[in-house]
Amino acid sequence: MSSENQESEAPLEFGEEKQQDSQEKDANPVKSEEAKLKAKYPNLGQKPGGSDFLMKRLQKGQKYFDSGDYNMAKAKMKSKQLPVAGQEKGLVTGDHIPTPQDLPQRKSSLVTSKLAG
Amino acid sequence: MAGAGGGGNDVQWCFSQVKGAIDDDVAEADIISTVEFNHSGELLATGDKGGRVVIFQQDIEKSQPQCRSEYNVYSTFQSHEPEFDYLKSLEIEEKINKIRWLPQKNAAQFLLSTNDKTIKLWKISERDKRPEGYNLKEEDGRYRDNSTITTLRVPVFRPMDLMVEASPRRIFANAHTYHINSISVNSDNETYLSADDLRINLWHLEITDRSFNVVDIKPANMEELTEVITAAEFHPHQCNTFVYSSSKGTIRLCDMRASALCDKHSKLFEEPEDPSNRSFFSEIISSISDVKFSHSGRYMMTRDYLSVKIWDLNMENRPVETYQVHEYLRSKLCSLYENDCIFDKFECCWNGNDSVVMTGSYNNFFRMLERTQRHDVTLEASRECSKPRQVLKPRRVCAGGKRKKDEISVDSLDFNKKILHTAWHPQENVIAVATTNNLYIFQEKVN
């Protein structure tokens, strides 16, 4: 885990404001964490902890690999690149077609648990 | 000598045993996903990501007053296997989400184990005798020539080496569209509930082709989805009462006598949030990952990302006790969100007499929170403290500023070493703590 410097990079304000600022940061580390997150991901959803998380949670495990779709898409886009499942693998909508590379590896054979060894 | 499981700080914990491989290269299948003692504490079951169940038995015969007995492997079996739902193109993990024991009624032991979609009732029975001297068969199984049979020979039972067999007695399938997160056996010993993200079903242990839906929070329009069910449990004594927790930090208590469909709660437990504290992380960290009734049935405990709260069932507007598990993480929420750790689901448990609660944390630390004197201690499950009967030293995390000797700084914590699952023996001060792929058993220091 990177140890990020929590002090503000911006030039320090003088007087009362400066004191208030650092006091706020001490009193509410969560707010400064939130600011950090928003700075990194400005497009993060307006609804905190809302539908996005929940939909992702409900869809856990779904891998829509349909060989028919996959081959049709390959044929349709002979010259163009094959649409790759987007960054958000959890949300498969529209033209997102999982490729064989996205699918999980074949699970290993069933063996006895090491706890019983 | 064996206390009712009291004491937090006044109890000194010693290493007893560790199960599992030593090597750091952890296969996914070996990740422990659930730990549960049975009602007497004699049996300890673990489930893993590979769908396997391992049951340990307390070796009672060899016990002496000086040291408690050890847990040794009793039975191991493959409970669930990976499946693929072709209709929905859905991969169904074999990971065991929960194991719950049934109270013992006869010589055999029964447990329920569940993955995301299917619950199974397993019978674990012992066989220590076998019939010998069949009339029509030889000992090796071949049939005797009829003409050689001139007298009647009745088989007799003779002792054999103990064999423990596990067989699936019931398979409760196809009742959950979403992923099962909890199962809970009712005090009536006839029914149990299973909960997924949006629904809770009631089953009869004997009937597999039917289950009753008792809670359904699926909105008509999925776009309006704002919360999911995270855990559910039956009251330990009142067979009509159960609770379920949500991703928004609320707990609803339902009474099945009130109506067939318990969408309308009887009680709603929610601590009002200070609006000035609201942030992007508020809802995520308030999501309850576990809810457990006390043995007395008077209280319930909830675990959210940073704290453990104890609620009096008679008071809905706030918890009676709140304990910080790892407050120092509040200033790390951004990184914890980025590496997904903020979504880790920690469990919690009570000791036998409800005086101490325990929950896990990162860096293989776990916390003991003593209720009467409000003492708390942080201990570590590690191979470095694994000499027989070695007393565990309390650990301290330094949040910032000068780090004292023996303290560990927040930035040095290993967030891949999570203790999500812990269990406490129902009567004795014996605890089972699961790290990623190892099971540690600690017990009270006995002088």
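Just the heavy atoms: all of them, side chains too, but no hydrogens, waters or symmetry mates, feed the values below. Numbered from 1 within each chain, the chains take letters A, B, ... in sequence-line order.
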Between SG on residue B/C334 and NZ on residue A/K40, distance to nearest 0.5 Å
5.0 Å
Are more than 12 heavy atoms from other residues, nucleotides or ligands located less than 6.0 Å from atom NZ of B/K248?
yes
For the CG atom of A/L54 and the CG atom of B/L225, what is their distance to the nearest 0.5 Å?
5.0 Å
Closer than 3.5 angstrom, by distance alone: can the side chain of A/K31 be matched with the main-chain N or O of B/R278 as a donor-acceptor pair?
yes
Atom pair NZ/OG of B/K49 and A/S113 - distance to nearest 0.5 Å
15.0 Å
Taking all non-hydrogen atoms of both residues, which atom of A/A116 and which atom of B/V54 are closest, and how far apart?
CB-CG1, 4.1 Å
Working to the nearest 0.5 angstrom, can you tell me the gap between B/I32 CD1 and A/L115 CG?
4.5 Å
Cut-off 4.5 Å, heavy atoms of chain A, and the answer for B/S276 is backbone
Can you establish whether the number of heavy atoms outside B/N221 located under 6.0 Å from its atom CG is more than 12?
yes
Would you find a donor on one side and an acceptor on the other, under 3.5 Å apart, between the side chain of B/R52 and the backbone of A/V111?
yes
What residues, two or more places apart in sequence or in another chain, satisfy side chain to side chain donor-acceptor pair (under 3.5 Å) together with B/H176?
B/S194, B/D196, B/N201
Nearest atoms (heavy-atom pairs only) where B/H179 meets A/L58
CE1-O, 3.7 Å
Taken in chain and number order and not counting sequence neighbours, the residues that satisfy salt bridge (charged side-chain N to carboxylate O under 4.0 Å, His left out) with B/E327 are B/R330
Cut-off 4.5 Å, heavy atoms of chain A, and the answer for B/F343 is side chain
Restricting to non-hydrogen atoms, name the atom on A/E34 and the atom on B/F280 that form the minimum distance, rounded to 0.1 Å.
OE2-N, 2.7 Å
Trace of the side-chain contact (heavy atoms from CB on, under 4.5 Å) decision for A/T112 with B/T76
CA-CA 8 Å; A/T112 313; B/T76 175; 4.2 Å; yes
Provide the closest heavy-atom pair for A/K114 versus B/A21 in the form atom of the first, atom of the second, distance.
CD-CB, 3.4 Å
At a 4.5 Å cut-off on heavy atoms, which part of B/F56 comes close to chain A: side chain, backbone, both, or neither?
side chain
